[in-house]
Amino acid sequence: MSNHTQFDVHVVSPSYWKVTFENAPINLIDLDTVEQLADLVTRIEQDPDLTVVVFQSANPDFFMAHLDLLMDNKRAAAMPTGPTGLPLISDNLLRLSKVPAVTISAINGRVRGAGSEFILSTDIRFAGPNAILGQPEIGIGAVPGGNPMGRLAELVGRGRAMEIVLGGDDFPAQLAAEYGYVNRVLPEGELDVFVDAFARRIAGFEKPAISGTKEFVDAATTIPASDYAASLAAFRRTAGRPESADRVRSLFTRGFQQPQGIELDLGKRIAEKV
């Protein structure tokens, strides 16, 4: 595991944390991310005073780019299961969605694929005007592995969920808000101030009221653990198939997983036949 700490935790108060994600150059979700997020979720679960956690990015252009497709597959296969019994990457999403604190994503820049699945596992999503969201897995011939299908169907409805996941395109902040992918879009320069004020408001309330209320919302919107397992299994079956090799190779040739090139406009470029 890398010594680089990707999740910087700033304890604003006993009841309020700000967590800043940084994994240069484009905030890919790699295996170190998965392991460190598991530890962070455990800390959130076990803190008796914590009522609200804000997730933000140190990179103004990329909140979380997507899963690192160059990860060490042998290391990934050797990772232990998490407390839910799911593989760690799925365990993180399920546990994050159920922590007894309110989780808020403050989204600037691009968040796609596994990054989108991360923010969909938080309770509330606020976006800056330049945020871009999407699920591009269809463009590499894969089923999304973190079951955004279930969460998006709940948030935006079946038809729009199909549009997002099967189209693989980018959704700019305002359209994402109109669909319900994010709660709202804040004007330029106002996201951090708004989210901080909202988080401080929640942090001022008592934890039993916060966690107890969240339990009822969770009960009404729960996604079974088996769905997470099935989605990850589908991703593993479909990602990296020989039939998709030329398409994936072309993506890397054009700057995939680099700060410039197609990552800036991935939703459009991933559908190009090259």
Checklist entry - Do other residues, nucleotides or ligands put more than 12 heavy atoms under 6.0 Å from the CZ atom of Arg158? => result no
Checklist entry - Looking at side-chain heavy atoms only, is the closest gap between Asn23 and Asp68 below 4.5 Å? => result no
Checklist entry - If you measure from the Lys or Arg side-chain nitrogens to the Asp or Glu carboxylate oxygens, is any gap between Arg110 and Asp170 under 4.0 Å? => result no
Checklist entry - Does Arg43 pair with Asp47 as a salt bridge, N-O distance under 4.0 Å? => result no
Checklist entry - Side chains of Asn27 and Phe63: does their closest heavy-atom pair fall under 4.5 Å? => result no
Checklist entry - Is Thr84 close to Tyr228 at the side-chain level, that is, under 4.5 Å between some pair of heavy atoms? => result no
Next on the checklist: Hydrophobic clustering (ILVMFWY, side-chain heavy atoms < 4.5 Å, transitive) - are Val102 and Val53 grouped together?
Outcome noted: no
Checklist entry - Below 4.0 angstrom, N of the basic side chain to O of the carboxylate: do Arg95 and Asp91 qualify? => result yes
Checklist entry - Is a donor on one side and an acceptor on the other found under 3.5 Å between the side chain of Ser244 and the backbone of Gly240? => result no
Item to check | Ring-ring centroid check Phe118 Phe21, cutoff 6.0 Å | outcome: no
Item to check | Thr222 (side chain) donor-acceptor with Ala219 (main chain) under 3.5 angstrom | outcome: no
Checklist entry - Where the side chain of Arg200 meets the backbone of Ala197, is there a donor-acceptor pair that is under 3.5 Å apart? => result no
Checklist entry - Would you say the side chains of His66 and Glu263 form a donor-acceptor pair under 3.5 Å? => result yes
Next on the checklist: Could you tell me if Gln258 and Gln260 have a donor-acceptor pair between their side chains, going purely by distance under 3.5 Å?
Outcome noted: no
Next on the checklist: I'd like to know if the side chain of Ser231 reaches the main chain of Asn147, judged simply by a donor and an acceptor atom lying under 3.5 Å from each other, with no hydrogens or angles considered.
Outcome noted: yes
Checklist entry - Which heavy atom of Leu133 sits nearest a heavy atom of Ala176, and at what distance? => result CD1-CB, 3.8 Å
Checklist entry - Pick one: which of Lys98, Lys214, Arg151 meets salt bridge (Lys or Arg N to Asp or Glu O under 4.0 Å) with Asp123? => result Lys214
Checklist entry - Would you say His10 and Gln56 make side-chain contact, with heavy atoms under 4.5 Å? => result no
Checklist entry - Do Leu120 and Tyr181 touch side chain to side chain, with heavy atoms closer than 4.5 Å? => result yes
Checklist entry - Under a single-linkage definition using a 4.5 Å side-chain heavy-atom cutoff for Ile, Leu, Val, Met, Phe, Trp and Tyr, are Ile132 and Ile119 assigned to the same hydrophobic cluster? => result no
Checklist entry - Parallel, tilted or perpendicular: which fits the ring planes of Phe198 and Phe194, with parallel below 30° and perpendicular above 60°? => result parallel
Next on the checklist: Is a donor from one side chain sitting under 3.5 angstrom from an acceptor on the other, for Ser15 and Asp49?
Outcome noted: no
Checklist entry - What pair of heavy atoms forms the shortest contact from Gly113 to Pro136, and how long is it? => result N-CD, 3.5 Å
Item to check | Electrostatic pair Arg160:Glu163 at N-O distance under 4.0 angstrom | outcome: no
Checklist entry - Judged by atom type as modelled, is there a donor-acceptor pair below 3.5 Å linking the side chain of Gln36 to the main-chain atoms of Gln6? => result yes
Checklist entry - At their closest point, which heavy atom of Glu117 faces which heavy atom of Pro144, and how far apart are they? => result OE2-CB, 3.6 Å
Item to check | Heavy-atom side-chain proximity of Leu37 to Ile29 below 4.5 angstrom | outcome: no
Checklist entry - Heavy-atom count around Glu206 CD within 6.0 Å, excluding the residue itself: above 12? => result no
Checklist entry - Do any N or O atoms from the side chain of Asn92 and from the backbone of Val34 form a donor-acceptor pair under 3.5 angstrom? => result yes
Checklist entry - Cut-off 3.5 Å, side chains only: do Thr33 and Asp30 have a donor facing an acceptor? => result yes
